[in-house]
Q: 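Following this message is one structure expressed as C-alpha cells.
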Amino acid sequence: MTSPPGGSDQGGSTAERRRLVCARCGTPADGPQPVIWTCSVENGIRQYFCDACSRENLRAIEGRLDSAWW
C-alpha cells in the first residue's frame, strides 16, 4: 500500500484531512474512514465507497480481482 505524495494516511491536521464521501452515491462518512467502507485505487486515485454501495456492487468489485485473490 502506498501513501499519497508528500503525506501519509495517519498524519496531518484536522484542517488538512478531507471528509470522506462515497464516490458512488455521495453519502458522507460520520468520521474517519469507517471500517465497513471499501477503499479502491482506480487509475492511481483512491476512492471510498459506503457499505451500502459496496454490498450492492460486490460482484462487480470481485470481478475485477485476479483469481489469485479469491
Side-chain angles (χ1 to χ4, degrees):
M1 186 162 119
T2 60
S3 295
S8 72
D9 295 335
Q10 310 302 324
S13 69
T14 305
E16 292 174 352
R17 294 182 188 164
R18 294 185 291 153
R19 182 174 175 145
L20 294 180
V21 177
C22 177
R24 185 164 176 86
C25 71
T27 299
D30 292 332
Q33 180 187 357
V35 176
I36 57 177
W37 280 39
T38 302
C39 177
S40 174
V41 178
E42 300 175 14
N43 298 318
I45 300 169
R46 189 174 296 178
Q47 297 183 341
Y48 296 91
F49 299 95
C50 68
D51 56 322
C53 287
S54 296
R55 275 194 304 263
E56 289 173 10
N57 297 287
L58 182 61
R59 296 286 184 223
I61 293 167
E62 289 175 338
R64 287 185 257 156
L65 296 174
D66 292 337
S67 59
W69 288 95
W70 327 333

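All residue numbers refer to positions in the sequence shown, counting from 1. Small disclaimer: the values here were computed from a predicted structure and weren't measured.
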Q: Could you pull out the closest heavy-atom pair between C50 and C22, with the gap in Å?
A: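 The pair with the smallest heavy-atom distance is N-SG, 3.4 Å.
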Q: Which heavy atom in G26 sits nearest to a heavy atom in V21, and how many Å separate them?
A: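 Closest approach of G26 to V21, heavy atoms only: O-CG1, 3.2 Å.
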Q: Check side chain to side chain contact (heavy atoms under 4.5 Å, CB included) between Q47 and all other residues, then give those that pass, not counting sequence neighbours.
A: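 Once residues adjacent in sequence are excluded, the partners of Q47 under the side chain to side chain contact (heavy atoms under 4.5 Å, CB included) criterion are A23, E42, I45, F49.
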Q: A29 and R19: which non-hydrogen atoms are nearest, and at how many Å?
A: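 So the two residues come closest at O-NH2, 3.1 Å.
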Q: Between atom CZ of R46 and atom CG of L20, what is the distance when rounded to the nearest 0.5 Å?
A: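 Separation between the atoms: 10.0 Å.
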Q: Output all residues satisfying side-chain hydrogen bond (donor to acceptor under 3.5 Å, both in side chains) with T27, sequence neighbours left out; order by chain, then residue number.
A: none
Q: Rounded to the nearest 0.5 Å, how far does SG of C53 lie from OH of Y48?
A: 16.0 Å
